Peer 1: 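Can you read through this structure? Questions will come right after.
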Amino acid sequence: MTVTPAQQLTRLVQDWIDQNLPEAPSGSVVQPCNDPRFGHYQSNVAMAAAKVLKKKPREIASSLLEHCQEADFIETSEIAGPGFVNFTFKQACLEAACATIAGDPHLGIRIEKHPRTIVVDFSAPNVAKEMHVGHIRSTILGDCIARILTARGHHVIRDNHIGDWGTQFGKLILGYKAQGKPEFPESESLAMMQQLYQTTHQACEGNAQKMDAARQELKKLQAGNKENLEIWKLFRDRSQSAFDSVYQRLSVKFDHTLGESFYNPWLKSTVDELTQRGIATESEGAKVVFFQEEELKEHPFLIEKSDGAALYATTDLATLKYRIDEWQADELIYVTDGRQQLHFQQLFSTAKRWGLDAECRHIWFGAILGENKKPLKTREGNPIRLKDLLDEAEQRALAILREKRADLADSKARQMARVIGIGSLKYADLSQNRNLDYVFDWDKLLAFDGNTAPYLLNAYVRTQSILKKADTITDLSNVRFQLHLPHEQMLSRQLLEYGSLVDQVTKEYRPHLLCGYLYEVASMFHKFFEHCPVLKAETDDLKESRLAMCQLSGKVLKHGLGLLGIETLEQM
RNA sequence: GCGCCCGUAGCUCAGCUGGAUAGAGCAUCAGUUUCCGGAACUGAGGGUCACAGGUUCGAAUCCUGUCGGGCGUACCA
């Protein structure tokens with residue numbers, strides 16, 4: 001495991017706490033100074049402990065200071081203000097740490113010694129419906145979480161739980177037959193299916209006869225009628241290929257696409273078992289799980305309708321069991337919007353009582369709203385198709401590229417526009433706190449200025465460009481880093497934080513922290529680039545050191561963007 | 001009614017397991033190019049952190065209450 005001065009300090013201070021303040025409140029042990037005047041790192045434990053121990057904070061601080069006196073990686077340490085202890089690291093240690101990180105294929109990211117099997121459930125579009133902007137967050141966020149967990153060494157299973165079974169198929173099949181089973185052209189099949197649903201839905205509205213016919217078609221499908229099953233399969237296959245083209249453009253992959261229909265065989269046994277065990281009971285004609293927990297007391301979990309039909313909850317329970325039994329999952333992660341929080345509380349609580357032993361997490365995100373501040377709805381108005389959003393992103397990127405790089409060949413420009421456009425879209429979503437709602441806005445989602453993907457991509461391009469230019473030097477693996485100027489010191493310390501930052505992101509599943517970090521890296525690199533001559537450095541040693549700094553910055557940027565699911569370019 | 005989320009600069013947002021003078025981007029204004037890629041860099045203005053109490057050496061951050069907004073709350077997913 002790579003050890004940076006900051007990690008060494010953390011251990012040193014933690015040791016002191018364990019020996020002297022076992023009863024001290026747990027919290028952050030050390031943290032980077034927010035003002036460089038104070039030093040590199042600071043510890044506030046003395047002040048926090050003073051309250052508990054009823055001693056003077058500065059007395060406690062001086063004991064800590066004494067403990068740290070011997071450490072060979074500390075240049076200076078001092079008590080300041082009410083009891084802060086500020087540390088400055090030895091330059092040589094920072095330089096050595098840079099070399100270590102640069103030689104580490106994981107760039108300081110901690111690899112789990114005991115990897116877990118983690119299922120990430122995300123995206124989940126519905127068959128026969130266009131993917132719209134509402135799917136973007138689950139898809140991008142879920143993909144990002146899966147990438148980060150994979151990088152940490154976990155065994156990750158990506159599962160797309162598509163909505164391929166439900167009451168809408170009655171109307172769809174009815175309409176499809178009524179229109180004489182038309183051919184679906186490959187590219188427009190989703191639009192046609194959606195149209196089919198809408199016209200049939202309208203026709204059924206207030207028409208009891210047609211409504212009943214739709215119900216009959218659904219019943220036949222569920223009973224395994226061959227003709228209806230074939231129509232259903234056609235719908236599903238065509239939908240899947242439309243989804244696949246979106247996923248391909250987004251570079252999102254799944255290990256499984258086990259939709260709701262897959263769990264049909266287990267629905268009945270799920271309800272039976274829960275009822276037999278006394279977990280579910282009958283109430284108002286339906287089968288329901290009641291909870292003891294205060295926060296769930298008034299919210300029964302409906303697992304079978306009074307007409308005997310299964311529900312979302314039933315499928316989710318069967319799915320959860322399947323993932324644990326068949327895949328030996330240790331942890332299950334569900335990436336959906338925040339409106340489903342209650343559902344997942346109920347689901348997890350029920351699963352626990354059922355004896356299903358896995359750590360379950362609901363990673364939820366806020367809604368994307370329309371201009372009226374109401375969630376974008378699919379029924380009324382014009383939902384924005386995800387496909388169109390991707391097109392627009394690429395087109396806008398292409399327009400800017402044509403302006404800035406008129407020399408590029410058309411195919412090359414389009415390829416670059418794809419990376420920039422899609423990357424910007426992803427970055428816009430991931431860089432915001434996932435719990436927040438936001439109003440859909442083309443300009444915001446497709447911004448190319450400021451804290452955006454192009455800024456990071458450009459920083460990366462500059463790291464590569466200068467390395468190419470310095471072609472006389474090929475091997476930087478044994479370079480001794482030299483940190484003389486403030487900008488190279490700041491950049492290096494930022495780069496050394498990469499591992500612990502990824503650690504934090506994994507803990508909280510908040511990719512926006514990674515975005516903020518990478519933005520800082522890019523910003524510091526640009527400043528370093530402006531203020532520290534590389535190719536014209538005073539000495540050859542310094543030149544090599546700075547080239548190595550460019551290389552390391554590039555590695556961290558590329559790796560970090562990779563965790564976000566954003567590709568890099570060698571030029572732009 | 002109850003539960004969850006949110007309220008920080010003109011706009012969009014960071015910062016929230018308490019820490020030193022509340023930070024970015026956009027927009028506005030003023031600069032930088034004989035120099036490694038100007039999609040860059042440097043600087044300026046802009047704040048009652050919704051409001052009111054409380055906890056303490058210290059509160060945007062924790063607690064209580066109020067106001068405002070969003071979502072959820074048994075047969076949709």
Side-chain angles (χ1 to χ4, degrees), chain A residues 25-28 31 33-35 37-38 42 44 47-48 50-51 56-57 80-84 86 124 126 163 165-168 260 283-288 294-307 309-313 315-316 336-343 345 364 366-367 369 373-375 400-401 403-405 420 428 431-433 435-439 441 443-444 447-452 454-459 461-462 464-470 512-513 515-516 519-520 522-523 525-527 529-537 543 546-547 550 571-572:
Chain A
S26 66
S28 67
Q31 56 194 277
C33 292
N34 54 6
D35 188 328
R37 279 189 328 228
F38 299 134
Q42 65 178 206
N44 305 330
M47 288 179 293
K51 213 168 274 182
K56 291 210 171 104
F84 299 102
N86 294 326
N126 289 316
W165 199 253
T167 49
Q168 75 270 29
E260 292 168 345
S283 168
E284 296 175 27
K287 299 260 171 62
V288 162
E294 194 56 45
E295 63 273 21
L296 293 178
K297 246 179 187 161
E298 292 176 17
H299 302 288
F301 197 36
L302 209 59
I303 62 167
E304 191 180 280
K305 297 206 276 188
S306 43
D307 67 1
L311 290 131
Y312 181 37
T315 314
D316 264 4
T336 83
D337 74 87
R339 288 174 299 191
Q340 299 186 42
Q341 284 175 89
L342 178 58
H343 168 78
Q345 273 183 44
W364 62 270
L369 308 171
K373 298 241 179 178
K374 296 249 166 79
I400 293 177
L401 212 48
E403 189 185 310
K404 303 213 180 213
R405 293 290 308 272
I420 295 169
S431 60
Q432 181 170 305
N433 181 340
N435 291 351
L436 261 38
D437 294 349
Y438 65 81
V439 174
D441 176 4
D443 293 331
K444 183 178 176 176
F448 297 142
D449 293 325
N451 182 5
T452 62
Y455 182 83
L456 304 194
L457 289 173
N458 184 43
V461 165
R462 291 175 98 175
Q464 300 310 292
S465 159
I466 197 164
L467 285 166
K468 253 174 246 151
K469 203 148 256 177
H512 83 281
L513 298 175
C515 294
Y519 178 66
E520 284 293 314
S523 167
F525 176 75
H526 281 308
K527 285 168 191 165
F529 194 89
E530 296 287 333
H531 296 104
C532 308
V534 177
L535 299 178
K536 292 184 177 169
K543 176 175 161 183
R546 288 186 178 156
L547 277 170
C550 291
Q571 55 162 309
M572 66 189 277

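In what follows, chains are A, B, ... by sequence order, proteins preceding strands, each numbered from 1. Computed from a predicted model, the values in this text were never measured in an experiment.
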Peer 1: Which stems does RNA chain B form, counting runs of 3 or more consecutive Watson-Crick or G-U wobble pairs with both distances under 3.5 Å?
Peer 2: B:1-7 with B:67-73, B:10-13 with B:23-26, B:28-32 with B:40-44, B:50-54 with B:62-66
Peer 1: Mind listing the closest non-hydrogen atom pair of A/Lys543 and A/Leu535 along with its distance?
Peer 2: CD-O, 3.8 Å
Peer 1: Quick check: closest heavy atoms across A/Asp437 and A/Gln432, and the distance to 0.1 Å?
Peer 2: O-NE2, 4.0 Å
Peer 1: In whole Å, I'd like the distance from the CG atom of A/Asp449 to the P atom of B/G38.
Peer 2: 16 Å
Peer 1: Look at the side chain of A/Leu513 and decide which nucleotide, out of B/A77, B/C36, B/G15, has an atom nearest to it.
Peer 2: B/G15
Peer 1: Please work out if A/Asp443 contacts a base, only the sugar-phosphate, or nothing of the nucleic acid, heavy-atom cut-off 4.0 Å.
Peer 2: nothing
Peer 1: Taking B/G43 as the reference, what is the distance to B/G53 when you measure between their P atoms (whole Å, please)?
Peer 2: 39 Å
Peer 1: Which of these nucleotides, B/G37, B/G72, B/C4, is closest to any side-chain atom of A/Lys469?
Peer 2: B/G37
Peer 1: Less than 4.0 angstrom between a side-chain N/O of A/Tyr455 and OP1 or OP2 of B/C41, yes or no?
Peer 2: yes
Peer 1: Check whether NZ of the Lys or CZ of the Arg A/Arg462 lies under 6.0 Å from the centre of the six-membered ring of A/Phe529 and within 45 degrees of that ring's axis.
Peer 2: yes
Peer 1: Could you work out which one of B/G72, B/A20, B/C57 sits closest to the side chain of A/Met47?
Peer 2: B/C57
Peer 1: What is the nucleic acid contact for A/Glu295, judged by heavy atoms within less than 4.0 Å: base, sugar-phosphate only, or nothing?
Peer 2: nothing
Peer 1: Within the 4.0 Å heavy-atom criterion, would you say A/Glu260 contacts the bases, only the backbone, or no part of the nucleic acid?
Peer 2: sugar-phosphate
Peer 1: Counting any heavy atom closer than 4.0 Å, what does A/Asp337 reach on the DNA or RNA strands: base, sugar-phosphate only, or nothing?
Peer 2: nothing
Peer 1: In whole Å, measure the gap between the P atoms of B/U12 and B/U55 for me.
Peer 2: 36 Å
Peer 1: For a quick check, tell me whether the side chain of A/Gln432 and the base of B/A14 share a donor-acceptor pair closer than 3.5 Å.
Peer 2: no
Peer 1: Say we look at B/C51 and B/A59: how far apart would their P atoms be, to the nearest angstrom?
Peer 2: 15 Å
Peer 1: Quick one: which of B/C5, B/A14, B/C36 gets closest to the side chain of A/His512?
Peer 2: B/A14
Peer 1: Calculate the interatomic distance between A/Glu298 atom CD and B/C4 atom C1'; express it in whole Å.
Peer 2: 15 Å
Peer 1: Between A/Asn458 and A/His526, is any pair of side-chain heavy atoms under 4.5 Å apart?
Peer 2: yes
Peer 1: Considering every strand and a 4.0 Å limit on heavy-atom distances, what is the contact class for A/Pro533: base, sugar-phosphate, or nothing?
Peer 2: base
Peer 1: Over how many whole Å does the gap from A/Leu456 atom CG to B/G25 atom P extend?
Peer 2: 13 Å
Peer 1: Checking only heavy atoms, does the side chain of A/Ser283 share a donor-acceptor pair with the base of B/A74 at less than 3.5 Å?
Peer 2: yes
Peer 1: Does any non-hydrogen side-chain atom of A/Arg546 lie less than 4.5 Å from one of A/Cys550?
Peer 2: no
Peer 1: For the base of B/G19 and the side-chain ring of A/Phe84, does the geometry meet a stacking cutoff of under 5.5 Å between centres and under 30° between planes?
Peer 2: no
Peer 1: Using atom P in both nucleotides, what's the gap between B/G54 and B/G68 to the nearest angstrom?
Peer 2: 24 Å
Peer 1: Quickly work out the A/Arg339 CZ to B/G72 C1' distance and round it to whole Å.
Peer 2: 10 Å
Peer 1: Tell me: CD of A/Gln464 to C1' of B/C36, nearest whole Å?
Peer 2: 14 Å
Peer 1: From C-beta outward on A/Lys444, which listed nucleotide comes closest to its side chain: B/A20, B/C13, B/A40?
Peer 2: B/C13
Peer 1: Between B/U73, B/C36, B/C13, which nucleotide gets closest to the side-chain atoms of A/Leu436?
Peer 2: B/C13
Peer 1: Given the structure, check if the side chain of A/Arg37 and the base of B/U21 hold any donor-acceptor pair shorter than 3.5 Å.
Peer 2: yes
Peer 1: Would you mind telling me which residue lines up with the more 5' stretch of RNA chain B, A/Gln345 or A/Met572, judged by nearest nucleotide?
Peer 2: A/Gln345
Peer 1: With rounding to the closest Å, how many angstrom separate the P atoms on B/A22 and B/A60?
Peer 2: 9 Å
Peer 1: For A/Trp364 and A/Asn435, which heavy atoms make the closest approach, and how far apart are they?
Peer 2: O-OD1, 3.5 Å
Peer 1: Can you identify which nucleotide, out of B/A39, B/A20, B/A77, has its nearest atom closest to the A/Leu401 side chain?
Peer 2: B/A39
Peer 1: So which atom in A/Thr452 and which in A/Ala447 form the shortest heavy-atom distance, rounded to 0.1 Å?
Peer 2: CG2-O, 3.6 Å
Peer 1: CD of A/Glu298: more than 12 outside heavy atoms within 6.0 angstrom?
Peer 2: no
Peer 1: If you go through the side-chain atoms of A/Asn34, does one of them form a donor-acceptor pair with the base of B/A22 closer than 3.5 Å?
Peer 2: no
Peer 1: So what does A/Ala447 hit on the nucleic acid, given a heavy-atom distance under 4.0 Å: a base, only sugar-phosphate, or nothing?
Peer 2: nothing
Peer 1: Within the 4.0 Å heavy-atom criterion, would you say A/Ile466 contacts the bases, only the backbone, or no part of the nucleic acid?
Peer 2: base
Peer 1: Can you classify the ring geometry of A/Tyr312 versus A/His343 as parallel (below 30°), tilted (30 to 60°) or perpendicular (above 60°)?
Peer 2: parallel
Peer 1: Which part of the nucleic acid, if any, lies within reach of A/Cys515 when heavy atoms closer than 4.0 Å are counted: base, sugar-phosphate only, or nothing?
Peer 2: nothing
Peer 1: Between B/C11 and B/C49, how far apart are the two P atoms, rounded to whole Å?
Peer 2: 16 Å
Peer 1: Is the side chain of A/Asp337 donor-acceptor paired with the backbone N or O of A/Ala367 at a distance under 3.5 Å, no angle test?
Peer 2: no
Peer 1: Whole Å only: how far is the CD atom of A/Glu294 from the C1' atom of B/G1?
Peer 2: 14 Å
Peer 1: Of the candidate nucleotides B/C41, B/C13, B/A74, which contains the atom at the shortest distance from the side chain of A/Tyr438?
Peer 2: B/C13
Peer 1: Rounded to whole Å, how long is the line connecting atom CD of A/Gln42 with atom C1' of B/G19?
Peer 2: 7 Å
Peer 1: Pick out which of A/Arg405, A/Lys468, A/Gln464 makes a side-chain contact (heavy atoms from CB on, under 4.5 Å) with A/Gln571.
Peer 2: A/Arg405
Peer 1: Distance check, C1' atoms only: B/A27 and B/G65, in whole angstrom units.
Peer 2: 38 Å
Peer 1: Mind checking the C1' distance from B/A40 to B/G46? Whole angstroms is fine.
Peer 2: 24 Å
Peer 1: Using atom CD of A/Gln341 as one end and atom P of B/C5 as the other, report the distance to the nearest whole Å.
Peer 2: 7 Å
Peer 1: Closest to the A/Pro300 side chain: B/A74, B/A39, B/A77?
Peer 2: B/A74
Peer 1: Heavy-atom nearest nucleotide on RNA chain B for A/Ser465 versus A/Tyr519: which residue maps closer to 5'?
Peer 2: A/Tyr519
Peer 1: Base, sugar-phosphate, or nothing: which does A/Asn451 touch, judged by heavy atoms less than 4.0 Å apart?
Peer 2: sugar-phosphate
Peer 1: Looking only at the side chain of A/His299 (C-beta and beyond, no hydrogens), which of the listed nucleotides B/C36, B/A20, B/U73 gets closest?
Peer 2: B/U73
